[in-house]
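First up is the structure itself, then whatever we jot down about it.
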Amino acid sequence: MKKIGIIGAMDEEVNKIKEQMEDVNINSIASMNFYEGILIGSPLVVVRSGIGKVNAAICTQILVDRYGVDLVINTGVAGSLRSEIDIADIVLSTDALQHDMDATGFGYERGVIPRMEQSIFRADENLIEMAKNVCKEDLPLLGVHVGRIVSGDQFVSDSDKKEWLVKTFDGYCTEMEGAAIAQAAYLNNIPFLIIRAVSDKADNSAEMTYSEFEAIAIDNTFILLMGLIKKINKL
Ligand code: ADE
């Protein structure tokens, strides 16, 4: 049975999972509460990382070092970067990169991490396939998109910035943790998948739509997660 690490940036994103877990053991490490237990028969560690790439990377490393998770799933909300990706739709990561990595002064392209072999981190193909199938089976009316997630320590609520992200990186959605988790997973050689429900359009309307649609977005992600856990451990 695979031990699954689930990271959400905010309480709202992980509370539903925590409520359903059994045999829970809570451990506080680096000011993060790690909930280890069983969900629908599967071993699991769920944690709220806090917002941003530093929190997300530290959190992933702890899941690997202290809990020995076999894979990491990151859930949460994101801002859409494409007109066909609507509020409440789901984006599954093909890959993830950091849009705010900038060593252009050294002659690197935007988003490229100096002296690393890779700056674009590929999600696990099996996890993508399984997640797509869960969406088909359990969320048939929902728009599901599979594409690049671009992360940065920035809440994008500006149309010019949004346009730049699309033009430069061809992203499907933007958020603040995914690529850090992806990079930490890559460095530790474990599979990952980012699942994001769209809460806003990452433009000048972003702040308003965000609060309105957050609850719906989180509900859909929860359904997807439950289905995915069942498939991963064939329950
Ligand atoms: N998470 C949800 N919406 C976002 C946005 N517009 N920018 C960054 N992170 C987000």
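Counting starts at 1 for both ligands and their atoms, in listed order. If you read the sequence from its start, that first residue is 1, and numbering goes on from there.
Polar contact check, Phe155 against ligand 1: no nitrogen or oxygen pair lies under 3.5 Å apart. Polar contact with ligand 1: absent for Ser157 (N/O pair, distance under 3.5 Å).
Less than 4.0 angstrom separates some heavy atom of Met176 from each of these atoms of ligand 1: 8 (C), 9 (N). In summary, the atoms of ligand 1 found under 4.0 Å from a heavy atom of Ser199, numbered by their order in the structure, are 2 (C), 3 (N). Which parts of ligand 1 touch Ala202 is read off a 4.0 Å heavy-atom cut-off, strictly below it: atoms 6 (N).
Contact between Gln154 and ligand 1 is present, with at least one heavy atom of the residue lying under 4.0 Å from the ligand.
The side-chain contact (heavy atoms from CB on, under 4.5 Å) test with Ile90 singles out one residue from Val146, Leu224, Val198, and that residue is Leu224.
Under 4.0 Å is where a charged nitrogen must lie from a carboxylate oxygen, and between Asp70 and Lys3 no such pair does. Under 4.0 Å is where a charged nitrogen must lie from a carboxylate oxygen, and between Glu137 and Lys231 at least one such pair does. Look at Lys16 and Asp219 and you find a salt bridge, because one of the NZ, NE, NH1 or NH2 atoms lies within 4.0 Å of a carboxylate O, short of that distance.
Between Trp164 and Phe169, the ring planes lie perpendicular to each other; the angle is over 60°, past the 30° to 60° tilted range.
Considering only non-hydrogen atoms, atom 1 (N) of ligand 1 lies nearest to Val77 out of Val77, Leu165, Ile51.
Among residues two or more places apart in sequence or in another chain, the ring pair (Phe, Tyr, Trp, His ring centres under 6.0 Å) test is passed with Tyr172 by none.
Contact annotation: for Ala78 versus ligand 1, heavy atoms closer than 4.0 Å belong to the backbone alone.
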